[in-house]
Amino acid sequence: MKLPTSFYTRRDVVNVARDLLGKYIYTDLPGGITGGYITETEAYAGITDKASHAFGNRRTPRTEVMYRKGGRAYVYLCYGIHSLFNIVTNVEDIPHAVLVRGINPTCGKDLMLKRSGKSLIDKAFANGPGKVCRILGIHWRHSGLDLSGDTIWLEDGGRKVREDKIQISPRIGIDYAEEDARLPYRFLLKKT
DNA sequence: CGGCCGATCCACT
DNA sequence: GTGGATCGGCCGA
């Protein structure tokens, strides 16, 4: 069952990031369908968040998709090599997003292994946002895709996520964000 | 149009 | 724990 648009248009991006833990992400891209459930996310809270690409209400061709209604993909290139996948949230003109930093692969494992160049799925297989995009076949050209479509989508697979299984910490790799670098906007599923 | 830099990863020490 | 890879986006001129 796909997540409804109303899941993405909620105004509390930090809670959306937390609620995305345990939800399933799927892609139907060349090679077949791959997917898994989300194990790590970060919230980026728009124009007042120094870590966000939309800080200060900055609008560029790249960031424009963040200003659209929640429920689309915002994918961009980082360090010249890695695509990073974000889920746009909130209503139109409020550029909030959630970065998907880790998944637990469940579907299309052979294809994910092939895309990764690895020979087995270990703990470090999908524990970073660049790796997640690589194994799911997501590229920055997919930015703007509607998540209610059949290319990239999310489902509520009925996984129960207990509050005491959630670890919260500051976000990674955003030291430039000054005081906002310390905000507790990162959510991880603890190892079972 | 040139130059700087990044929401990372991996090999190597 | 650290440094190099690598290139599109952004800004200033």
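Computed from a prediction, not measured in an experiment: that's the story for all the values here. Chain identifiers are assigned alphabetically (A, B, ...) following the order of the sequence lines, protein sequences preceding nucleic acid strands; residue numbering begins at 1 within each chain.
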Any idea which heavy atoms bring Leu84(A) and Asn86(A) closest together, and the distance?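 It is O-ND2, 3.5 Å.
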Starting at the 5' end of DNA chain B, which residue's closest nucleotide do you reach first, Tyr176(A) or Arg134(A)?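 Closer to the 5' end of DNA chain B: Tyr176(A).
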Where do Asp150(A) and Lys2(A) land on the salt bridge (charged side-chain N to carboxylate O under 4.0 Å, His left out) test, with the steps shown first? CA-CA 10 Å; Asp150(A) 295 318; Lys2(A) 276 181 190 166; 2.8 Å; yes
Among dG9(C), dA5(C), dC11(C), which is the nearest nucleotide to the side chain of Tyr79(A)?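 Of dG9(C), dA5(C), dC11(C), dA5(C) is nearest to the side chain of Tyr79(A).
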After noting the C-alpha distance and the side-chain angles of Trp140(A) and Tyr76(A), does the key distance pass the ring-ring contact (aromatic ring centres under 6.0 Å, His included) rule? CA-CA 5 Å; Trp140(A) 57 266; Tyr76(A) 67 93; over 10 Å; no
Look at the side-chain heavy atoms of Ile, Leu, Val, Met, Phe, Trp and Tyr, link any pair under 4.5 Å apart, and say whether Val65(A) and Val91(A) land in one connected group.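 Cluster IDs for Val65(A) and Val91(A) differ.
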For DNA chain B, note the earliest and the latest nucleotide, 5' to 3', having some atom under 4.0 Å of a heavy atom belonging to chain A.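 Nucleotide range with atoms under 4.0 Å of chain A: dG6(B) to dC10(B).
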Begin with the C-alpha distance, continue with both residues' side-chain angles, and end with the deciding distance and a verdict on salt bridge (charged side-chain N to carboxylate O under 4.0 Å, His left out) for Arg171(A) and Asp49(A). CA-CA 12 Å; Arg171(A) 293 170 292 183; Asp49(A) 180 356; 2.7 Å; yes
Could you please name the partner base of dC12(B), counting Watson-Crick and G-U wobble pairs only when both distances are under 3.5 Å?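 Its partner is dG1(C).
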Under a 3.5 Å cut-off for both distances, is dA7(B) Watson-Crick or wobble paired, and to whom?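 Partner of dA7(B): none found under 3.5 Å.
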Indicate yes or no for a side-chain donor-acceptor contact from Asp180(A) to the backbone of Lys50(A) under 3.5 Å, with no hydrogens or angles considered.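 Yes, Asp180(A) side chain to Lys50(A) backbone: donor-acceptor pair under 3.5 Å.
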Work out how far the C1' atom of dC5(B) is from that of dG3(C), and round it to whole angstrom.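 Their C1' atoms lie roughly 16 Å apart.
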Nearest-Å distance for atom pair CD1/P, residues Ile81(A) and dG9(C):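 It is 16 Å, rounded to the nearest whole Å.
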Indicate, with a heavy-atom threshold strictly under 4.0 Å, whether Arg62(A) touches base, sugar-phosphate, or nothing.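 The answer is sugar-phosphate, as Arg62(A) gets under 4.0 Å only of primed atoms, P, OP1 or OP2.
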Tell me what Leu99(A) touches on the nucleic acid: a base, only sugar-phosphate, or nothing, going by heavy atoms under 4.0 Å.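 Base, at least one base heavy atom under 4.0 Å.
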Start at the 5' end of DNA chain C and walk down; is the nucleotide closest to His82(A) or to Trp140(A) reached first?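 Residue closer to the 5' terminus by nearest nucleotide: His82(A).
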